[in-house]
Amino acid sequence: MKIDQLAETAEAMVAPGKGIIAIDESTGTIARRLAAVGVENSEENRRTYRELLLTTPGLNEYISGAILYDETIRQSTRAGRPFVDVMREAGILPGIKVDTGAKDLAGFPGEKVTEGLDGLRERLAAYAGMGARFAKWRAVITIGETMPTDTCIEANAHALARYAALCQEQGIVPMVEPEVLMDGDHDIETCYGVTEVTLRAVFKALYEHHVLLEGAILKASMVLPGKDCPEQVDVEDVAHATLRCLESAVPAILPGIVFLSGGQSDADATRHLDAINRIGGAPWPLSFSYGRGMQQAALQLWGQDMAGNYEKAQQTVYARARDNGLASQGRYGD
Ligand code: 13P
């Protein structure tokens, strides 16, 4: 029974033509995003901005779910309606970020391990009570001269598996996110190798921890050259490398895969997703769970004139949702 519910939620998250909007920036991360557009990081500004995003007219045409942060899942619209109720009414599934951040991995300079397992069972039960249907945990894998180490990959895979098992125990779909960072000058082949090894370790750990893959979603990074790599590649190369890597390492029984945008430009995030879906033949729906890739244009506009550009910013969010929704079906730009 429980697995049926989990599978149903997971399938709804990747319903045809729909994806996820990630608005789960921690208070520290949103502080940086707001500062970049000259907006004060007050609780009211954070609430107003999240209301702008969640109440974008027509958002549910292309968005199946939104990942919230602890503060946001407890907040309401200016008119006093809980965000979770507004989302439910629109048919947008509430998700929640449950890790407490990537911290330095002791003994391994430059590498991170994600924390947040202590007390997680109780926190998940509380979030389920608030209406959360899925939860995200982000692990960070950094590519460098001698990185990632096996120890870093194992530590993160183990934490992801323990979090995922706890989610399913509470009837919440885990959105398992091992992000291979774009930072660095590595080439696309290196990213391919690191992503493949990481995904294999993650799925091995999920299996060992009795996580039911039918009720889980993978949030993956695309296979790309590092930001500072002199050899950039074209859209088709990214699409083929990404699909091949996923096909090599991700079980076909998984209900879906969503990508993070990871610092790509809006145009790249959309074009890459579109090109991946144009190849066709993948055993899972391949959609998006973009944070910056959904928000950065809207945030820029809103920062220029919070009251005056409110609706224009919402129109921009809608346009990004539509473009990415079309790209999730390989129909962007047709
Ligand atoms: P970006 O799309 O901005 O990478 O964020 C997605 C996300 O939720 C990262 O955890």
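It should be emphasised that the depicted structure is a prediction, and the values quoted were computed from it without experimental measurement. Whatever order the structure lists them in is the order used to number ligands and atoms, beginning at 1.
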* Asked: Do side-chain atoms of Lys219 reach the backbone of Trp137 as a donor and acceptor pair under 3.5 angstrom?
  -> no
* Among protein heavy atoms, which sits nearest to atom 5 (O) of ligand 1, and what does the distance come to when rounded to 0.1 Å? -> Gly291 N, 3.6 Å
* **Per-residue contact class, Ile67 against ligand 1 - non-hydrogen pairs under 4.0 Å** => neither
* Asked: Does Ser261 approach ligand 1 within less than 4.0 angstrom via side chain, backbone, both or neither, non-hydrogen atoms only?
  -> both
* Structure fact -> Under 4.0 Å from one or more heavy atoms of Ala22, ligand 1 contributes atoms 8 (O)
* To do: For atom 9 (C) of ligand 1, find the nearest protein heavy atom and state the residue, atom name and distance (0.1 Å precision).
  => Glu177 OE2, 3.3 Å
* Does even one non-hydrogen atom of Lys97 get within less than 4.0 Å of ligand 1? -> no
* Asked: What protein heavy atom is closest to atom 7 (C) of ligand 1, reported as residue, atom name and distance in Å?
  -> Lys219 NZ, 3.1 Å
* Return a yes/no value for Lys136: is any of its N or O atoms, backbone included, closer than 3.5 angstrom to an N or O of ligand 1? => yes
* To do: Give the atoms of ligand 1, by number and element, whose distance to some non-hydrogen atom of Ser289 is under 4.0 Å.
  => 6 (C)
* Asked: Can we say Asp334 and Arg331 salt-bridge, meaning some charged N sits less than 4.0 Å from an Asp/Glu carboxylate O?
  -> no
* Asked: For ligand 1, which part of Arg138 has a heavy atom less than 4.0 Å away: the side chain, the backbone, both, or neither?
  -> side chain
* Charged N-O contact under 4.0 Å between Arg322 and Glu61 -> no
* Asked: How far is atom 4 (O) of ligand 1 from its nearest protein heavy atom, and which residue and atom name does that atom have?
  -> Gly262 N, 2.7 Å
* Lys/Arg N to Asp/Glu carboxylate O, Arg88 vs Asp85, below 4.0 Å -> yes
